[in-house]
Peer 1: 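Structure incoming, see below.
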Amino acid sequence: MAEQQPTSDQQLRQALTRQWTQVLPVLTAFVMSSVRDRQHAEDIVQEVGAAVSANFEDIPEGVSFNAWALSIARNHIHKRYRTNQRDKHVFKSEALEALSGAYERLSDSSDELRSALDQCIEELPERSRKIIELRYKQDQRVDGIAAMLGSTANAVSGVLFRVRQSLKKCIQRRIAEGGKR
Amino acid sequence: MTDPDQILDQYLDGDLSPEQLADFEAELCRDPAFADEFASAMLIDSCLNEKYQWQELVTALHLDDTTADETDDAGQLSAHDLVAVGGYALRLALTSKPAKRIYAYAGVAAAVLLAFVLFNPFGGNDDVADAPIALDDSNDSIEPGPVGPALSTPVATLTATHDAAWSPNSAEGALAPGSQLRTGQTLTLTAGFAEITTHRGAVAILEAPATIELLNNDNALRLHAGKLVGICETPSSQGFIVRTAQVDVTDLGTRFALDASDVAATQIYVMDGEVDISADGHAPLLLRQGQSLGTDRVGAAGNWIVEEYQPEQFHRLTSYAAGVLEMSDTVQWLNEPLDQADRSDWPRAGRASVFAELSGHRLAADLPLTHHEPGNYHSFNDADPSGVVPAGTDIHSYIVFAHAGGDPDGVRTQATIRFEGEVLGVIANRRDAMSFTQIVQSPERVFSPAPFNSPWLGDTTSRPDDYLTLSPNRRTLSIDFTVLDLSCDTLRVIVRARSDEIP
């Protein structure tokens, strides 16, 4: 355990802020992957934020911030599942372990991924971008988008699938190109 | 399972049946690659949510997105940070029904306020502790208030020098190891090297010519000109700040090198760990191990450009920082193990190459040596294996090697290396020093417990064409190797470390 007695509060707070904002997308994705109920997922992320803030100075030596924050998230998901069986919890502990490992592996490249995503969205055809905006900006479900566009849910699902595949390939390509430079 | 991509997509849209969900979960446990795919897909989904909801907030609150990335006036969380911190409350607000949004945005403000409270765990009612890190050059008080020392108080110690000479204006009295350095004091190193340790334990190693100034802070200094290596190996030293004309570099527990020789630019190279780079007009940048940044290199979007590392720039300084005081011109220093070295860093035939294998390591077991007494050696295959460095000894270890670059006639390499510490001995045999998978060590490494006296690779002839000399004071090692074809002569040098060099 760290034997620190820091007096430079601003530096620590900045470090905490920076690391938290960096891990947040990955941590959010992890919680949303594991807990289907959106409200519960939001609550968990807030709880994890509070726990990370309170214990930031006690990160065990040799453990990365991202791994530590993800482990706290995992514990909070477990805890919520234990205390409230009615929660729409999706994955059990073994799957959570596997998932948190996957997100930990991913966390180092999340910045690259986010940067590539911005560029790849710009490359999308207008119609594809419109579908993505309806899905994420207006938080519409597939059937809602279908109703708005006068289409069918199956057709919208098909378009969303192709757009996500296109984004995924574009991101992979851009990250690979970045790695070569 | 059917097409994994299709299944992932159905999951994202909430279209999986309970049975499919059970299969999905089983697949996650069974196949790490599938878990990775799923994590990537969810992260993209999450980023899309964040991106579009951020845009909507900008529109709704009439914020200028171009300024949103900048640190606010208080030097605290940026608007982006706050949205990220309060992201879920924000998301809740943005996904509320339109009629309720005005209340929801009030909820965002509450989330932002919560974020401030949440991320001020070190004294929320302490106005001074909340003071920003000043970036105003007119005021060098990086961190005023109760945590900053008063003017002219000692904030650092000159802990070591090597062939150092100082400008006459540098000090009120003679500077020598042990001298206390005070706030506001400016030191100009005109020759040699100097090591300064802040009272928080951060180490700054300077290479002449260099000028530094001690700031009103016990863990920060200004580098006006020259080169510096920063080392933060203790928790209390983390957050060490080096300020140059262009940037503030905050060490987050690492080793990094800075070059401010050119007043128009600062070059930064992270040897280990990571550092935070900040400056007016730029979003903060996290620079990680192996990355390099030139602050004069700014892209079209106003962002700094992370560059390829130019290894020669810091060789002399980093070798000194690793305990090598002097090297002949025929020695090439590598900043990292050979198998990790950039191609441009690879040694030329005819030059000896050296890198620090372990810096500050306490031996977990006795370490057998093949040569341990001062003297000249030209026979290695029957070397005396009786020398031992006992367990518990604090050491540095270095790898020295030479190769022929494929020359069938052989290439001769003559080189001399002077170490700061006492050379306890060398290991000059094939097994312990030739396998790169074995010589790239972690701190937990336990050296091979028994010597293995096979010939050096390439030394298959009976002629004595390799010579090794350890000086009487045990500080200087000279080699005279002749290497043939594609072979390579290698030895591990074990040097005693100071106890204060062990993390």
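Because the structure is predicted, anything quoted here is derived from the model rather than measured. The sequence lines fix the lettering, A, B, ..., with proteins before strands; numbering per chain opens at 1.
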Peer 1: Could you walk me through whether A:F56 and A:W20 pass side chain to side chain contact (heavy atoms under 4.5 Å, CB included), step by step?
Peer 2: CA-CA 10 Å; A:F56 183 57; A:W20 173 249; over 6 Å; no
Peer 1: Chain A heavy atoms under 4.5 Å from B:D276: which part of the residue, side chain, backbone, both or neither?
Peer 2: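 Contact with chain A involves the side chain of B:D276 alone.
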Peer 1: Using heavy-atom distances under 4.5 Å, tell me whether A:L160 contacts chain B through its side chain, its backbone, both, or neither.
Peer 2: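 Both backbone and side chain.
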Peer 1: Please state whether the side chain, the backbone, both or neither of B:L252 comes within less than 4.5 Å of a heavy atom of chain A.
Peer 2: side chain
Peer 1: Measure distances from B:R288 to the heavy atoms of chain A and classify the residue's part below 4.5 Å as side chain, backbone, both or neither.
Peer 2: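 The side chain, not the backbone.
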Peer 1: Can you tell which part of A:V142 gets under 4.5 Å to a heavy atom of chain B, answering side chain, backbone, both or neither?
Peer 2: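 Only the side chain of A:V142 comes within 4.5 Å of chain B.
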Peer 1: With a 4.5 Å limit on heavy-atom distance, are the side chains of A:L167 and B:L48 in contact?
Peer 2: yes
Peer 1: Near A:K130 NZ, under 6.0 Å, is it more than 12 heavy atoms from other residues, nucleotides or ligands?
Peer 2: no
Peer 1: Tell me, out of A:D108, A:I132, A:I171, A:D111, who's got the most heavy-atom pairs with chain B below 4.5 Å.
Peer 2: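 Answer, by heavy-atom pair count under 4.5 Å with chain B: A:I132.
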Peer 1: Do other residues, nucleotides or ligands put more than 12 heavy atoms under 6.0 Å from A:E94 CD?
Peer 2: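 Incorrect, the count does not exceed 12.
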Peer 1: Below 4.0 angstrom, N of the basic side chain to O of the carboxylate: do A:E177 and A:R173 qualify?
Peer 2: yes
Peer 1: Would you mind checking which part of B:L8 comes under 4.5 Å of any heavy atom in chain A, side chain (CB onward), backbone (N, CA, C, O), both or neither?
Peer 2: neither
Peer 1: Counting only heavy atoms closer than 4.5 Å, note whether B:D45 contacts chain A via side chain, backbone, both or neither.
Peer 2: both
Peer 1: Tell me, side chain or backbone of A:S109 under 4.5 Å from chain B's heavy atoms, or both, or neither?
Peer 2: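 Contact with chain B involves no heavy atom of A:S109 at all.
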Peer 1: A:E97 versus chain B, heavy atoms under 4.5 Å apart: side chain, backbone, both or neither?
Peer 2: neither
Peer 1: I'd like to check the ring-ring contact (aromatic ring centres under 6.0 Å, His included) partners of A:F161; sequence neighbours left out, ordered by chain and number.
Peer 2: none
Peer 1: Would you mind listing every ring pair (Phe, Tyr, Trp, His ring centres under 6.0 Å) that reaches into residues 96-129 of chain A, with sequence neighbours excluded?
Peer 2: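 For residues 96-129 of chain A, and leaving out neighbouring residues, the ring pair (Phe, Tyr, Trp, His ring centres under 6.0 Å) pairs sorted by first residue read A:F30-A:Y103.
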Peer 1: On the 0 to 90° scale, with breaks at 30° and 60°, tag the A:W68-A:F65 ring pair as parallel, tilted or perpendicular.
Peer 2: tilted
Peer 1: Using a 4.5 angstrom heavy-atom cutoff, name the option from B:A26, B:C29, B:S237 with the most pairs to chain A.
Peer 2: B:C29
